[in-house]
Enquirer: 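Sharing a structure here in structure tokens format.
Positions are given from 1 along the sequence. Remember, it's 1-based here, ligands and their atoms both numbered in the order they're listed.
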Amino acid sequence: MALATPIEEPRTSFAIAQRQFDIAADLLDLAPGLRSILRSPQRELTVNFPVKLDDGRIRVFTGYRVQHNLARGPLKGGIRYHPELSLDDVRALAMWMTWKCAVTNLPYGGAKGGVVVDPKQLSAHEIERLTRRFATEISILIGPERDVPAPDVNTNPQIMAWIMDTISMHQGYTVPAIVTGKPINIGGSEGRNEATARGLVAVLTQAASQLDLELSRLRIAVQGFGNAGANVARLLQARGASIVAVSDSRGGVYNPHGLDPVAILDHKGHTGTVSDYPEGEQISNADLIELDCDVLVPAALGDVITAANAPRVRARIVAEAANGPTTPAADDILYDQGTLVLPDILANAGGVTVSYFEWVQGLQEFFWSEQEVNAQLERVMGHAFHSVLRVAHERGVHMRTAAYLLAVRRVADAVTTRGIYP
Ligand code: NAD
């Protein structure tokens, strides 16, 4: 028997992002100059900065802010706190933000930032000092008309409030539009907290209808139970779907008869994890990817669906709440086996869309109701989904490549229209 040739996967998330871009650039027949401009970030800042710990010791942390491309407007992208964060991760995440903003047609370029830190090892006061110092370090790049951060993994509205307060203290006046994902009482937007999940549900609803599937009959498995994952589970259960599995960094829980996400959130509040929730069977994060379900929602970190496990994915739809969960080789395997992948740059764009609404509201000091926010979000997501679907049908490609074709074309056109300075 001939041995199957192992599929070579790009080794870092940035190499994956570049491979995804190359596929689209080839299909678009992008000129070499434009290709080189878009293939790498425009600016990268690394900062090493000291933080005083509660016991008086000083520890130096490393952080990054990467700005991928600013042709279509100010930069936008979250801030991640994670012990294994690398500059390459941030480059990939910044590039994905450029395409995400272009798919949804928001007037932004893409950026991302983060600090190499495990926030679980720090006290709340230490996290506040780290955040304020990091905000100061990257203040040479960020600003309401320059680059606007937002929450990502392990950062939240309180951390955004500290960033906003720090920059406002430097300026001597309040600058609400410096970050999005802020608490409502200091200029946050209604609907921002669950916007990523709501956007994903809007895209999934459209996709299910294309496949003649009823949302209320779907069995859903969600990996990651934070802002994105827990809200997806809650919103989908409210729409009648059955949440058969959820997980977090410590492992997961499975119940083919359905789990109650609200009760699990409450449980997590007491024990710190969903993995020991008693009303189901304990499973690993690897098991969750291969579960018998209709919709798999990766909502944690990247690189979880690879050539190694893609053949065993049984879901009919993979809806990517996380950034970068599926490798290019896995994309092809899933496509060939008939799994519909709703790619990150489309499926999780609800967060940046409502961040855009928050930024607009902050600049105008004029605030919308939750109904207005949600209605505008549905409009943007529905339009983006159908635009991507149209390209997928026209070009005979899967949804990720279709989303890239749409996004890369828009950014390339903006670069061309603006011209090369000087
Ligand atoms: P979060 O910090 O609120 O939650 C992350 C969750 O993932 C936690 O439950 C954590 O325990 C779990 N997790 C961490 N490591 C894991 C692992 N190895 N295996 C399984 N679970 C693990 O973060 P979030 O804001 O919900 O972000 C989750 C994903 O969604 C990220 O990829 C992020 O980039 C993406 N995303 C978030 C937003 C947003 O608005 N928050 C928008 C777009 C995309």
Enquirer: Considering Ala347, Gly302, Gly351, Ala300 one by one, which has a heavy atom nearer to atom 29 (C) of ligand 1 than any of the others?
Expert: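 Minimum heavy-atom distance to atom 29 (C) of ligand 1 goes to Ala300.
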Enquirer: Within the 4.5 Å heavy-atom criterion, are Asn285 and Val304 side-chain neighbours or not?
Expert: no
Enquirer: Can an N or O of Lys112 be found at a distance shorter than 3.5 Å from an N or O of ligand 1?
Expert: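 No, Lys112 has no N/O under 3.5 Å of an N/O on ligand 1.
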Enquirer: Of Pro325, Gly324, Gly252, Ala321, which has the heavy atom at the shortest distance from atom 44 (C) of ligand 1?
Expert: Ala321
Enquirer: Does the side chain of Asn69 pick up a donor-acceptor pair with the side chain of Thr98 at under 3.5 Å?
Expert: no
Enquirer: Which one holds for Thr196 and ligand 1: side chain close, backbone close, both close, or neither close, with close meaning a heavy atom under 4.0 Å?
Expert: side chain
Enquirer: Applying a strict 4.0 Å limit to heavy atoms, is Arg250 in contact with ligand 1?
Expert: no
Enquirer: How about Arg192 and Ser355: does a side-chain donor come under 3.5 Å of a side-chain acceptor?
Expert: yes
Enquirer: State whether Lys112 and Asp152 are salt-bridged, where the test is any N-O pair (Lys NZ or Arg NE/NH1/NH2 against Asp/Glu carboxylate O) under 4.0 Å.
Expert: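 Looking at Asp152 together with Lys112, the answer is yes, because their closest N to O distance falls below 4.0 Å.
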Enquirer: Say whether Gly229, considering both its backbone and side-chain N or O atoms, lies within less than 3.5 Å of an N or O atom on ligand 1.
Expert: no
Enquirer: Give the residue, atom name and distance (to 0.1 Å) of the protein heavy atom nearest atom 12 (C) of ligand 1.
Expert: Ser249 N, 3.8 Å
Enquirer: Is there any N or O on Asn154 that sits under 3.5 Å from an N or O of ligand 1?
Expert: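 N/O-N/O distance under 3.5 Å: yes.
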Enquirer: Which atoms from ligand 1 have a heavy atom of Ala322 less than 4.0 Å away?
Expert: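 Per the distance check, 29 (C), 30 (O), 32 (O), 35 (C).
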Enquirer: Is Asp88 paired with Arg91 through a side-chain N to carboxylate O contact shorter than 4.0 Å?
Expert: yes
Enquirer: Any heavy atom of Lys268 sitting closer than 4.0 Å to ligand 1?
Expert: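 Under 4.0 Å: yes for Lys268.
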Enquirer: Which heavy atom of the protein is the closest neighbour of atom 33 (C) of ligand 1, given with residue, atom name and distance?
Expert: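 Ranking protein heavy atoms by distance from atom 33 (C) of ligand 1, first comes Asp152 OD1, 3.2 Å.
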Enquirer: So, do Ile220 and Cys293 sit near enough that their side-chain heavy atoms are less than 4.5 Å apart?
Expert: no
Enquirer: Between the side chains of Asn193 and Asn231, does any donor sit under 3.5 Å from an acceptor?
Expert: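 No, no side-chain donor-acceptor pair sits under 3.5 Å.
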Enquirer: Please work out whether the ring planes of His68 and Trp99 are parallel, tilted or perpendicular, with thresholds of 30° and 60°.
Expert: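 Perpendicular.
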Enquirer: Looking only at protein heavy atoms, which one is nearest to atom 9 (O) of ligand 1, and how far off is it?
Expert: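 Checked against all protein heavy atoms, atom 9 (O) of ligand 1 sits closest to Phe225 N, 3.0 Å.
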Enquirer: Would Asp294 and Arg217 pass as an ion pair if we require N to O under 4.0 Å?
Expert: no
Enquirer: Among protein heavy atoms, which sits nearest to atom 3 (O) of ligand 1, and what does the distance come to when rounded to 0.1 Å?
Expert: Asn227 N, 2.9 Å
Enquirer: Counting only nitrogen or oxygen atoms and a 3.5 angstrom limit, does Arg80 reach ligand 1?
Expert: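 N/O-N/O distance below 3.5 Å exists for this pair.
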Enquirer: Among all the protein's non-hydrogen atoms, which is closest to atom 26 (O) of ligand 1, and how far away is it?
Expert: Ala228 N, 2.8 Å
Enquirer: Give the contacting part of Met97 toward ligand 1: side chain, backbone, both or neither, where contact means a heavy-atom distance below 4.0 Å.
Expert: neither
Enquirer: Which atoms from ligand 1 have a heavy atom of Arg192 less than 4.0 Å away?
Expert: 40 (O)
Enquirer: Considering Val297, Leu301, Asn285, Val232, which one's heavy-atom position lies nearest to atom 20 (C) of ligand 1?
Expert: Asn285
Enquirer: Go through ligand 1 atom by atom and flag the ones less than 4.0 Å from a non-hydrogen atom of Asp248.
Expert: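 Reading through ligand 1 atom by atom, the close ones are 9 (O), 11 (O), 20 (C), 21 (N), 22 (C).
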Enquirer: For atom 4 (O) of ligand 1, which of Ala299, Pro298, Gly226 has the closest heavy atom?
Expert: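 Closest candidate by heavy-atom distance is Gly226.
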Enquirer: Does the pair Asp165/Lys182 count as a salt bridge with the N-to-O cut at 4.0 Å?
Expert: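 Judged by the 4.0 Å cut-off on N to carboxylate O distance, Asp165 and Lys182 do not form a salt bridge.
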Enquirer: Are Arg59 and Glu126 close enough for a salt bridge, meaning some N to O gap below 4.0 Å?
Expert: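 Looking at Arg59 and Glu126, the cut-off is not met.
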Enquirer: At what distance is the nearest protein heavy atom to atom 23 (O) of ligand 1, and which residue and atom is it?
Expert: Val153 CA, 3.5 Å
Enquirer: Salt bridge between Arg72 and Asp413, side-chain N to carboxylate O under 4.0 Å?
Expert: no
Enquirer: Given side chains that start at C-beta, do those of Val380 and His383 come closer than 4.5 Å, heavy atoms only?
Expert: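 The answer is no, as the side chains (C-beta and beyond) never meet within the 4.5 Å cut-off.
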